[in-house]
Amino acid sequence: MGDETATRELPKAYAPADVESAIYDRWLAADVFAPDGAGSRADQSKKPFVIIQPPPNITGALHLGHALTFAIEDAMIRHARMQGRPTLWLPGLDHASIAAQYVLDKIIATEGESRESLGRERYLERMWRFINETREVMLGQERRLGASADWGRLRFTMDEGSARAVRVSFKQLYDQGLAYRAEGLINWCPGCRTSVSDLEVIPTPETGTLWSIRYHLIDDATGKPSPTETITVATTRPETILGDTAVAVHPEDDRYRTLVGRRVRIPFVDRDVPIIADDVVDRAFGTGAVKITPAHDKDDHATGQRHGLPMISVLADDASINEAGDGYTGLDRYEARKRIVADLDARGDLVGSKPHEMVIGRCQRSNDVIEPRLKTQWFIRTDPLAASALRATRDGETRIMPARFEKVWENWLTNIHDWNVSRQLWWGHRIPAWYCPDGHVTVSAEIDGPARCETCGRAAAELRQDPDVFDTWYSSGLWPFSTLGWPDRTEDLRRYYPGTVMETGYDIIFFWVARMMFTGLQFMDSAPFETVYLHGMVKDPYGQKMSKSKGNIVDPLEAIDRAGADAMRFALLNGTSPGNDQKFSNERLEDGRNFANKLWNATRFVLGARPTSIAADAARRAPDEADLGPAERWIRSRVAATVEVVDKAMGEYQLAEATRALYDGIWSEFCDWGVELAKVRLADASLPDATRQATWWTLVEGIDTFVRLLHPVMPFITEALWASLPHATDDPELLIVASWPAGGRRDAAIERDVDAVLELVRRIRNARTEAGIETSAWIDAEVAAPSGLNALVTELRPQLERLTRVKATILPPDVARKDVPGAVSVIAGGLEAYLQPRQDPAVAARERERLARELDVIEGRLASAAGRLADEAFTSKAPAHVVEGARRSHAELEAQAASLREKLAE
RNA sequence: GGGCGGUUAGCUCAGUUGGUCAGAGCACCUCGCUUACACCGAGGCUGUCGGGGGUUCGAGUCCCUCACCGCCCACCA
């Protein structure tokens, strides 16, 4: 700050909106977010700290889950920045292919348009218009949350950098045989008109109907269906009869053993298909015979492959029956189902129907019932990729936090299926594959596509590009390096890859985290991050998932308007643990605001208590050692204790622990005791200037330290307070780049001794209440302190008096107290106090009751302590320090009991 | 069908390697405008740490088992 030590006056009342509005722009202007920004004070020789952030979907407003992610990431990055490390938080937005189309489709529907009415080109134009609007809204929200990301590097997963990475990576995968095109059974969403990955299919319990249907066996002699010889199968989807190519029974099912090898006629399509034996069939279910539709069921598909069955598709893109469905062609799947059931009934082949509890797959996006279908698509071979990912976590190259997710990770990666990446959507990265009229495939990483067919050399003009786009997560999966210039070997890549912490919700561990691991290991030869930090979900106050349909969404901006971004960040971080869900409530938000208010006022008090002998614009300096009293030394030591806890917690990414320690340290220790103790000296005009200055500087030092420690969690208020504090000459103008507090000086002896006095204060307050002495009345008291504490108690007498409202006489050690009748006695460790209220028989009576109660408690504890020490097993097996501690506390209890008995005997 | 998480004061939750760990905030009760803060201060109340069993000198803390709630994965038509 140089010579410019002028500080800003703090407004009387804490108003989050006023505090927060100006500060973000000051950070931006100072250029402190970039790892090498002009205002950065990073030591460029230190290892950079890099956060990998899940780029939010560019589909609209941020929700509380985003706010949590940003709060965590921002706290981490600010902490690292204050430690002097170059920090990179590369912000971004995801084009969210299917999600964006879903949202836009709804919007254009209100405009009377549709995908079809606009056509691909105009639809995409409309999409760009839409995302250009949401982009600004979202970035504005991120700034209000306080995100200190490097905006100069903002990336969008549809920009050319990403596009190039997509093309190049896919070409490489193809060349290495890890990407292939094949006909496979895929999950089709009729609403979205695209295939979706297994992860996007939500198993949903529903009550359906199980129909039993009779198929007629073919009479071997006549080659015609027998009117009487039948086999009954059960199905929940009668319309798939049209695609049946077999009936299966269990090989050891005696009921059907003789039928295996015979043929049955499929109704309506009049196809004769075999009865096969396969142990996939559950004899106990239904009739023990199952119809096989390989083109429209996962199990049946596998069965079909095992038995070389034909696969007949009967569904069109809109889930209507296609031309293979003979008389039902063109009917919607559910209409066809109804008609087929009725027609079966008319034929007399419907045996029965009953309600059936089942699990049905629905589209994560549109909630439509997913239909398995055969399609020729692009797939990524996942086995080798999953193996590398597993190796990385097993070797410890990447650590997952909390560790229990390693099990989930292992389980998923060891049972993984190939990844279908083709999407029949328009918004997204077009698959860089071209087909020539002869069916040859050419994959090209060139932006303009291949010059000719790789196989037959036909010219580009004759080639046709695959109309499909990639699954959104394909480009997201390239994020950690595509954002740093890959495939070029850039300086950024060398410096910032791999990242330090990848932070995200546990809900996208498979979608995103696993895929980044795949691609990082494949293309960069090392895992993309050292630590995977997974946070939980933010639920409503009743533990329900927040969703638009439930109407229980909390808008982070509303929360900020109500209590400030600092309060919201505090609420999201405090009292939570990594990987666990949290309920967000107004109460927790208020906690955060109250805490901010407390710190604000404490700072205001300290600044206002500046002794006149210190100039208003004096540079901050450490208090002179010789002028510190026990209270000051205690304060300093306790502040150092908070530094220790917070420093350790932040180092382990235990943000909740750090937050809690700060709340306690600032409120329960510094404000409740430190400031109150300090007030005595500050107000005492009879003291030398040097003494009062030392007290004040001690408080300033405390605030200074807390403001630094709290900055990662509550950046705005701390930055505002920083501006009003006196500073040392090497302090920067802005707290955001100030140094993280070094471990301070702990003083175990002073902590122990002053704590004893504070305990006496608590006991005296307690005794006053119990004895019914008015809180406002000043009373006399004698205080007895052993020689070890006598000098300290004498020195702290004014503080003791102020905090307890007693006029205290400190007895010299070993001097018996004057026996005053009616005195209320208090014992705290080695210290004792005798309160002398005005004569009041009621007080005396209550006092005897209180003493008796206390003796009761003490004797109870004494008995258990004695029992423990008498137990030979304990004394011989427990570690020495534990036994020693037990002895000490036993002795103390005994002394207290003796003293109480003596008083009661009076 | 597997797996994971949760079950600690009326409510929301902390409790790292087993030994003052029975805690915090809110709520509640009683006082209180003492020169920061009523978004405050002082004091107080509430819990066989889900049930049962086990290991140990000693267990919310480790093991087994059961119950309920939630989540994830899974090819029962």
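Bear in mind the structure is a predicted one, so any value in this text is a computation, not a measurement. Chain identifiers are assigned alphabetically (A, B, ...) following the order of the sequence lines, protein sequences preceding nucleic acid strands; residue numbering begins at 1 within each chain.
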Could a donor-acceptor pair under 3.5 angstrom be found where the side chain of Lys598(A) meets the base of rC37(B)?
yes

Is the base of rA36(B) touched by the side chain of Lys679(A) through a donor-acceptor pair closer than 3.5 angstrom?
yes

Could you check whether Glu200(A) and Ser197(A), counting side-chain N and O atoms only, form a donor-acceptor pair closer than 3.5 Å?
yes

Could you check whether Asp672(A) gets within reach of a base, just the sugar-phosphate, or nothing at all, counting any heavy atom under 4.0 Å?
sugar-phosphate

Is it the case that the base of rA42(B) and the side chain of Glu676(A) share a donor-acceptor contact (distance under 3.5 Å, atom types as modelled)?
no

Integer-rounded Å distance: rA14(B) P and Gln654(A) CD:
12 Å

Quote, to the nearest angstrom, the P distance that separates rA67(B) from rG25(B).
38 Å

Side chain proximity check, Arg214(A) to Ile231(A), heavy atoms < 4.5 angstrom:
no

Which nucleotide sits closest to the side chain of Arg404(A): rA36(B), rC4(B), rG19(B)?
rC4(B)

Please report the distance separating the C1' of rC33(B) from the corresponding atom of rG41(B), rounded so that it comes out in whole Å.
10 Å

Report the relative orientation of the aromatic rings in Phe595(A) and Tyr663(A); use parallel for angles under 30°, tilted for 30 to 60°, perpendicular for over 60°.
tilted

Specify the separation, in whole Å, of atom CG of Leu682(A) and atom P of rA36(B).
11 Å

Rounding to the closest angstrom, what is the interatomic distance between rA77(B) and rC72(B) at atom C1'?
24 Å

Tyr506(A) and Phe405(A) aromatic ring geometry - parallel, tilted or perpendicular at 30°/60° bounds:
parallel

Identify the stems formed by RNA chain B, where each pair is Watson-Crick or G-U wobble with both distances under 3.5 angstrom and a stem is at least 3 consecutive pairs.
B:1-7 with B:67-73, B:10-13 with B:23-26, B:28-32 with B:40-44, B:50-54 with B:62-66

Think His356(A) has a side-chain N or O under 4.0 angstrom from the OP1 or OP2 of rA77(B)?
yes

Roughly how many Å apart are rU16(B) and rC21(B), using the C1' atom of each and rounding to a whole number?
13 Å

Ranking rG44(B), rU12(B), rA77(B) by distance to the side chain of Asn766(A), first place goes to rG44(B)

Given rC57(B), rC37(B), rG43(B), which nucleotide is nearest the side-chain atoms of Asn597(A)?
rC37(B)

Strictly under 3.5 Å: I want the nitrogen or oxygen pairs between protein and nucleotides 25-34 of chain B, one per line.
residue : atom : partner   : partner atom : Å
rG25(B) : O2'  : Asp591(A) : OD1          : 2.8
rG25(B) : O2'  : Asp591(A) : OD2          : 2.8
rC31(B) : O2'  : Thr775(A) : OG1          : 2.8

Find the distance Asp540(A):CG to rC13(B):P and express it as a whole number of Å.
11 Å

What integer number of Å spans the P atoms of rC49(B) and rC11(B)?
16 Å

Among the nucleotides rC37(B), rC4(B), rC57(B), whichever has the atom closest to the side chain of Lys877(A) is rC57(B)

Interatomic distance, His890(A) NE2 vs rU20(B) C1' [rounded to whole Å]:
15 Å

Could you tell me the separation between the NZ atom of Lys583(A) and the P atom of rC71(B), rounded to a whole number of Å?
13 Å

Salt bridge check, Lys648(A) against Glu652(A): does any charged N sit closer than 4.0 Å to a carboxylate O?
yes

Across the strands shown, which category fits Pro203(A) at heavy-atom distances under 4.0 angstrom: base, sugar-phosphate, nothing?
nothing

From C-beta outward on Val675(A), which listed nucleotide comes closest to its side chain: rU12(B), rC73(B), rA36(B)?
rA36(B)

Give me syn or anti for rG60(B), where syn covers glycosidic angles within 90 degrees of 0.
syn

Summary of salt bridge (Lys or Arg N to Asp or Glu O under 4.0 Å) pairs that have at least one residue in residues 243-253 of chain A, sequence neighbours excluded:
Asp244(A)-Lys291(A), Asp253(A)-Arg255(A)

Assign Arg604(A) to base, sugar-phosphate, or nothing according to its heavy-atom contacts below 4.0 angstrom with the strands shown.
sugar-phosphate

Does either side chain, that of Asp591(A) or that of Asn574(A), offer a donor lying less than 3.5 Å from an acceptor on the other one?
no

Rounded distance in Å between the C1' positions of rC71(B) and rC76(B)
23 Å

When the P atoms of rG5(B) and rU17(B) are compared, how many Å lie between them, rounded to an integer?
14 Å

I'd like to know if Glu759(A) pairs up with Arg762(A) as an ion pair, taking the criterion as any Lys NZ or Arg NE/NH1/NH2 lying under 4.0 Å from an Asp or Glu carboxylate oxygen.
yes

Judged by each residue's nearest nucleotide on RNA chain B, which is more toward the 5′ side, Ser585(A) or Val606(A)?
Ser585(A)

Between Lys291(A) and rA77(B), is there a contact of a side-chain N or O with OP1 or OP2 at under 4.0 Å?
no

Which whole number of Å gives the distance between the C1' atom of rA14(B) and that of rA74(B)?
35 Å

Interatomic distance, Ile666(A) CD1 vs rA36(B) C1' [rounded to whole Å]:
14 Å

Test log, rule ring-ring contact (aromatic ring centres under 6.0 Å, His included), inputs Phe510(A) and His417(A)
CA-CA 12 Å; Phe510(A) 307 134; His417(A) 301 295; over 10 Å; no

With respect to the side chain of Arg593(A), which nucleotide from rA77(B), rA36(B), rC39(B) is positioned closest?
rC39(B)

Over all strands shown, is Asp282(A) touching base, sugar-phosphate only, or nothing at heavy-atom distances under 4.0 angstrom?
base

Any carboxylate oxygen within less than 4.0 angstrom of a Lys/Arg side-chain nitrogen, looking at Arg237(A) and Asp297(A)?
yes

Check this for me, if you would: do Arg692(A) and Asp684(A) make a salt bridge, where the nitrogen-to-carboxylate-oxygen distance has to be below 4.0 angstrom?
no

Quick check for you: among rA77(B), rG43(B), rC4(B), whose closest atom lies nearest to any side-chain atom of Arg762(A)?
rG43(B)

Regarding Ala683(A), tell me which of base, sugar-phosphate or nothing describes its non-hydrogen contacts under 4.0 Å with the strands shown.
base

If I take atom CD1 in residue Ile717(A) and atom P in nucleotide rC39(B), what distance separates them, rounded to the nearest angstrom?
16 Å

Atom pair distance, as rounded to whole Å: CZ in Phe595(A) and P in rA38(B):
17 Å

So, is Lys298(A) close to the rA74(B) phosphate, meaning a side-chain N or O under 4.0 Å from OP1 or OP2?
no

Using a 4.0 Å heavy-atom cut-off, does Ala878(A) contact any base of the nucleic acid, only the sugar-phosphate backbone, or nothing at all?
base

Establish, from distance only, whether the side-chain atoms of Asn766(A) and Arg763(A) form a donor-acceptor pair under 3.5 Å.
no

Is the closest basic N to carboxylate O distance between Glu774(A) and Arg768(A) below 4.0 Å?
no

